[in-house]
Amino acid sequence: ALVYSGVSQDGYAQFCGGSIASENWIVTAAHCLPGLAAGDIEIIAGITTLGEPGSARSAVQQIISHPEYDDATLENDIALLKLASPLNLDSAARSAIALPYAQQGTSWPAANTCATVSGWGNTSTTTANYPDDLMAAEVDVLTGPTDPQCGSYSTYDYLPELMLCAAEMTLGRDACQGDSGGPLAVDVAGNWTLAGIVSWGFGCADPLYPGVYTRVTRYLGWVENHAPELNPDYEEDIPMGLPIWLLYEASRTN
Ligand code: ARG
């Protein structure tokens, strides 16, 4: 959960969701953050009930919103939060989600993939009914990166290369206000993998208007530029920029 530092009751303080990418990094939506400085927000990880005893807040050191995030079109609705100190990823409830690395390809996830969206957002379309308990819903991915049609949205609003469309029309399952920034996760051979970030929609669970998510595969390069440790190929132990022969010489003893 993303919470306002100035509000002490977690249930009132929660304003968006996010995903744990590593002990130091949270992935969320850029539209959650305009006007906010790192000190204005904190994150809560490892609990499912807001206000639960023992839940601790973590300070945010830096907010990195995508530089081309557009608050009119909601293009590039992604941001990284660098935590001030590392999370202890010690439980199933506080563990990192996988990012969809290149092996999945940019067309992942295909239409008809089953995905799970979760958050503390509104559970009603008519009144404000914000739960303290984390909610989750299974939805279907409806479009691939080259399918322009997402429900009744115009092709100016729904941009399939940058966005992902998912819903469960018949059962009326969807994300809603307050879920933004949180995960749309797909089980890839037993690993929860971040396919989308809750971004926008017209109403909630409207059969004509599916939920729209940031298409995470599109932003892996940007994420890795800012947080190289999130790249599985990143080797922290190799000092970059030193030629191999020099390392060899340095380790030689006569
Ligand atoms: N923009 C909303 C938020 O800030 C998320 C809306 C998602 N809507 C939907 N129908 N899936 O929380």
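Each ligand, and each atom within it, is numbered from 1 in the order the structure gives.
For ligand 1, none of its N or O atoms has an N or O atom of C204 under 3.5 Å away. The shortest N or O to N or O distance between G178 and ligand 1 is under 3.5 Å. Not a single N or O atom of C16, backbone or side chain, sits closer than 3.5 Å to an N or O atom of ligand 1.
Here is the list of ligand 1 atoms found below 4.0 Å of a heavy atom in D174: 9 (C), 10 (N), 11 (N). Ligand 1 places these atoms under 4.0 Å from at least one heavy atom of H31: 1 (N), 3 (C), 4 (O).
The aromatic ring centres of Y153 and Y158 sit 6.0 Å or more apart.
For the 3.5 Å distance criterion, the side chains of N24 and E229 qualify, holding a donor opposite an acceptor.
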_Apply side chain to side chain contact (heavy atoms under 4.5 Å, CB included) to residues Q61 and L83 and explain how you reach the verdict._
CA-CA 5 Å; Q61 185 184 88; L83 299 177; over 6 Å; no
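Annotation: N112, atom CG; neighbour count of heavy atoms from other residues, nucleotides and ligands within 6.0 Å does not exceed 12.
Atom 4 (O) of ligand 1 has its nearest heavy-atom neighbour, among G181, G182, S180, in S180.
Listed for the E168 side chain is a donor-acceptor partner under 3.5 Å among the backbone atoms of T170.
Only the backbone of D179 comes within 4.0 Å of ligand 1, judged by heavy-atom distances. Residue-level proximity to ligand 1 for S199 is carried by the backbone, the only part with a heavy atom below 4.0 angstrom.
When the options L33, L74, I78 are evaluated for a side chain to side chain contact (heavy atoms under 4.5 Å, CB included) with Y69, the one that passes is L74.
For C176, the heavy-atom gap to ligand 1 drops under 4.0 angstrom.
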